[in-house]
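The basis for the numbers below is simple: all heavy atoms, side chains too, and nothing from hydrogens, waters or symmetry mates. Whatever order the structure lists ligands and atoms in, that order sets their numbers, starting from 1.
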Amino acid sequence: MPTYRTKVSERIRLPSRTEREEALETAGYNVFNVDADDVYIDLLTDSGTGAMSDEQWAALHRGDESYAGSSSFERLESAVRDVMGFPQVVPAHQGRGAENVLYGSLVDEGDVVLNNTHFDTTRAHVANQGARPVDCPVDGARDPTARGGQFDGNFSIDRAREIVDDVGTDAIPAVVLTITNNSAAGQPVSVSNTREVARFAAEIDATFVIDACRFAENAYFVSEREDEFDDATVAEIAREQLGYADALVMSGKKDGLVNVGGFVATDDDDLYQACKHRAILYEGFPTYGGMAGRDMEALAVGLREAVEAAYVADRVEQVRQFGERLADDGVPVYEPIGGHAVYIDAAAALPQIPADEFPGQALVCECYLEGGVRGVELGSFAFPDADRPELVRLAVPRRTYGPAHFDHVAETVRSVFEDHESVRGLRLASDPPIPELRHFTAELEPVPTTTPSTTSTE
Ligand SMILES: *Cc1c(COP(=O)(O)O)cnc(C)c1O
C-alpha cells in the first residue's frame, strides 16, 4: 500500500493514433526525438523523473546559494554521513559528473577497471582516461531466459581473478560494484558478495568503489533475500553494505529522489583531496560542485526518505507487480524483476524480426503507436558491437504513476505482443558520428515489406 498521496498534479494526455503516427515518423522512429507532450506514460528512464515530496519542496526554499561555505552543503554532508556513513562529500551536477571527478582522480592511461557491469557512462569515463573497463558479471546475469537467482547482480570474483592473472595487480587501480546492477536488468548485489569484493580489492591493493545509484532498492532486496538480514531495516542494511567501500559515486537522480544532482563520497583523505581539486576544475567550488544550494537541500532530504521502509517497499513492489503482470500475460520478461525497471526480451516477443532489423526498437515504436507508452531499446540499436540480448526497458519513475497507469501500459504491451506478427523491422536512415551514442539521435525507417518476386520475363 502506498504511504503517500498526490498533492500536486501534472496534466498528461494520450494523443490520437494519427498524432502518434505523425510524431513517430517526424522523430525518425526514435522515441528520444519524440516531444514529451506527445507521450502518455513515459517509462524512458527512472533517472531524475520521480516526484519530490512536500518536504523536499519545502527544503528548496531553504537553499543557501552562497558560493563558498553554503549551509545547504552542510546539510547534504550530514545526510550522506547519516544515511551512507561517509564523512567527505564532493558534490557534482549529476552521476556522470561525479564519475569524471572520481575516475579522473583514480585511473590512468593503460589501467584496467573491474566492475560487476559498467553502466554506460561509467564505461565511457574509464575509457576516456585511456583505461580499459572490464565487466565481471556472474553467469546468466545478462540472459533474460535464465530465470535466475536471487542476486544476479553480483560481481564474479573468479572472472576478476582471471583478469588479474592476465594484466597483474598493478594495472588495476579500482574495483567497482554497481548496486543494483543497472546493466544487468537492475538485479541486486548481496552483502556477502560485497564483502568478498572488498576483500579482493584490498588483496590487490585497489580502491573499492560502490556505484550507489540504487543503494536503497538494493538494500530492500537484501532485506528480503539474505538470511543474515532478516531482522535488519533497509537503512541498517544500506549503511552496512556501503560501509565496505572506500568511495561511493552517486547519481542523486535515482535513489537521491531528486531531478538533478550527484556526488562522490569517501573516507580516504588523499582521495578526497584529489577529487576536491578535480571537482573545482570540472564541477564547481567544493561546497556546491555544480548543484544549486536548493538542489543540495532537496537531495539531503531525498537520501533520508529513500531508506524509509515504507517508501522503498512500495517502490520495489510497484515495479515487481507491474513486471509480474506482464509475465502473467505471457510477455517474455527478465525474471526475477529488478528494482527500477521491467525488461522485455524483444527477440522472443518479435521472433520474426532479425537482429539487424532492431527488434527492440521495433517493439519500442509499436508500444508508442499502440498506447503512447515510451520505453527504451537496450539491444543491438543502442549497443552496436556488443553481444547483448535484445532488451526493451520500461523504467518506472519514483512516486509518479499509479495502478491505472500500469494497467494501461500492461494492456498496451499485451496487445502489441498478441498482434506481434504485423510489427515490422527498422533500418537506419541516418548515421550519427559516434556509433556508441547513436541511439540518442539516429533516425530510422521501417523496412519495406518484401514485394512478391516478379514474374516478369524482362
Ligand atoms: C544513471 C547512472 C549513472 C550516471 O548518472 P547520471 O546522473 O545519469 O549522470 C552512473 N551509474 C549508474 C549505475 C547509473 O544508473
Side-chain angles (χ1 to χ4, degrees), residues 32 43-50 84 90-104 106-107 113-129 133 135-137 141-142 152-155 174-189 194 209-219 221 241-242 245 247-265 279 282-283 289-292 295-296 298-299 302-303 306 315 319 338-341 343 376 378 382-383 391 393 395-398 436-437 439-440:
F32 278 100
L43 306 182
L44 185 72
T45 177
D46 65 319
S47 178
T49 51
M84 305 172 108
V90 180
H93 74 282
Q94 62 181 78
R96 69 200 67 185
E99 290 180 324
N100 177 34
V101 165
L102 180 68
Y103 298 117
L106 273 178
V107 178
V113 173
L114 308 179
N115 195 319
N116 44 349
T117 314
H118 286 82
F119 176 68
D120 314 351
T121 58
T122 321
R123 190 181 306 280
H125 276 292
V126 169
N128 194 42
Q129 289 301 112
D135 292 343
C136 303
R142 278 194 179 157
D152 283 349
N154 277 359
F155 182 106
V175 176
V176 188
L177 193 58
T178 305
I179 69 171
T180 56
N181 193 336
N182 186 354
S183 306
Q187 298 298 307
V189 173
T194 308
V209 177
I210 292 185
D211 179 331
C213 289
R214 296 181 181 80
F215 75 101
E217 290 165 13
N218 199 89
F221 284 112
Q241 185 163 32
L242 299 176
L248 307 181
V249 61
M250 177 76 187
S251 167
K253 302 173 72 168
K254 295 22 176 305
D255 280 353
L257 301 179
V258 289
N259 305 117
V260 75
F263 56 85
V264 174
Y282 288 102
E283 296 291 320
M291 295 176 75
D295 290 330
M296 292 190 284
L299 178 52
L303 285 172
R315 157 74 179 159
V319 176
H340 67 291
Y343 292 74
V376 68
L378 295 173
F383 305 104
L391 295 180
R393 183 184 76 180
V396 178
R398 295 167 180 79
E436 291 79 13
L437 302 178
H439 64 297
F440 292 117

Note: ligand 1 atoms sitting under 4.0 Å from heavy atoms of Lys254 are 1 (C), 2 (C), 3 (C), 5 (O), 14 (C), 15 (O)
Give the residue and atom name of whichever protein heavy atom lies nearest to atom 11 (N) of ligand 1, and the separation in Å to one decimal.
-> Asp211 OD2, 2.7 Å
Mark up the atoms of ligand 1 that fall under 4.0 Å of a heavy atom belonging to Arg214, in ascending order.
-> 15 (O)
Is the closest N or O pair between Gly95 and ligand 1 shorter than 3.5 Å?
-> yes
Hey, is Cys213 one of the residues with a heavy atom under 4.0 angstrom from ligand 1?
-> yes
Apply side chain to side chain contact (heavy atoms under 4.5 Å, CB included) to the pair Val376 and Thr45, showing each step before the final yes or no.
-> CA-CA 8 Å; Val376 68; Thr45 177; over 6 Å; no
Would you check the N or O atoms of Asn182, main chain and side chain alike, for any that come under 3.5 Å of an N or O of ligand 1?
-> yes
Work out which heavy atom in Ala212 is nearest to a heavy atom in Met250; give both atom names and the distance.
-> O-SD, 3.3 Å
So, Thr180 versus Glu217: side-chain donor-acceptor pair below 3.5 Å or not?
-> no
Could you find the nearest protein heavy atom to atom 7 (O) of ligand 1 and give me its residue, atom name and distance?
-> Ser251 OG, 2.7 Å
Do Asp46 and Lys254 meet the salt-bridge criterion of a basic N to acidic O distance under 4.0 Å?
-> no
Run the numbers for me: atoms of ligand 1, each under 4.0 Å from some heavy atom of Thr178, listed by number.
-> 13 (C)
Would you confirm whether Asp152, through its side chain, and Gln187, through its main-chain N or O, come within 3.5 Å as a donor-acceptor pair?
-> no
Taking it one step at a time, do Leu44 and Phe32 satisfy side chain to side chain contact (heavy atoms under 4.5 Å, CB included)?
-> CA-CA 8 Å; Leu44 185 72; Phe32 278 100; 4.0 Å; yes
Hey, which atoms in ligand 1 end up nearer than 4.0 Å to a heavy atom of Thr121?
-> 3 (C), 4 (C), 10 (C)
Which part of Lys253 is near ligand 1, with near meaning a heavy atom under 4.0 Å away: side chain, backbone, both or neither?
-> side chain
Would you check, one step at a time, whether the test side chain to side chain contact (heavy atoms under 4.5 Å, CB included) holds for Gln129 with Leu106?
-> CA-CA 9 Å; Gln129 289 301 112; Leu106 273 178; over 6 Å; no
Looking only at protein heavy atoms, what sits closest to atom 8 (O) of ligand 1 is Arg96 NH2, 3.0 Å
Report the C-alpha distance between Leu102 and His125 in whole Å, list the side-chain angles of each, state the deciding distance to 0.1 Å, and finish with yes or no for side chain to side chain contact (heavy atoms under 4.5 Å, CB included).
-> CA-CA 10 Å; Leu102 180 68; His125 276 292; over 6 Å; no
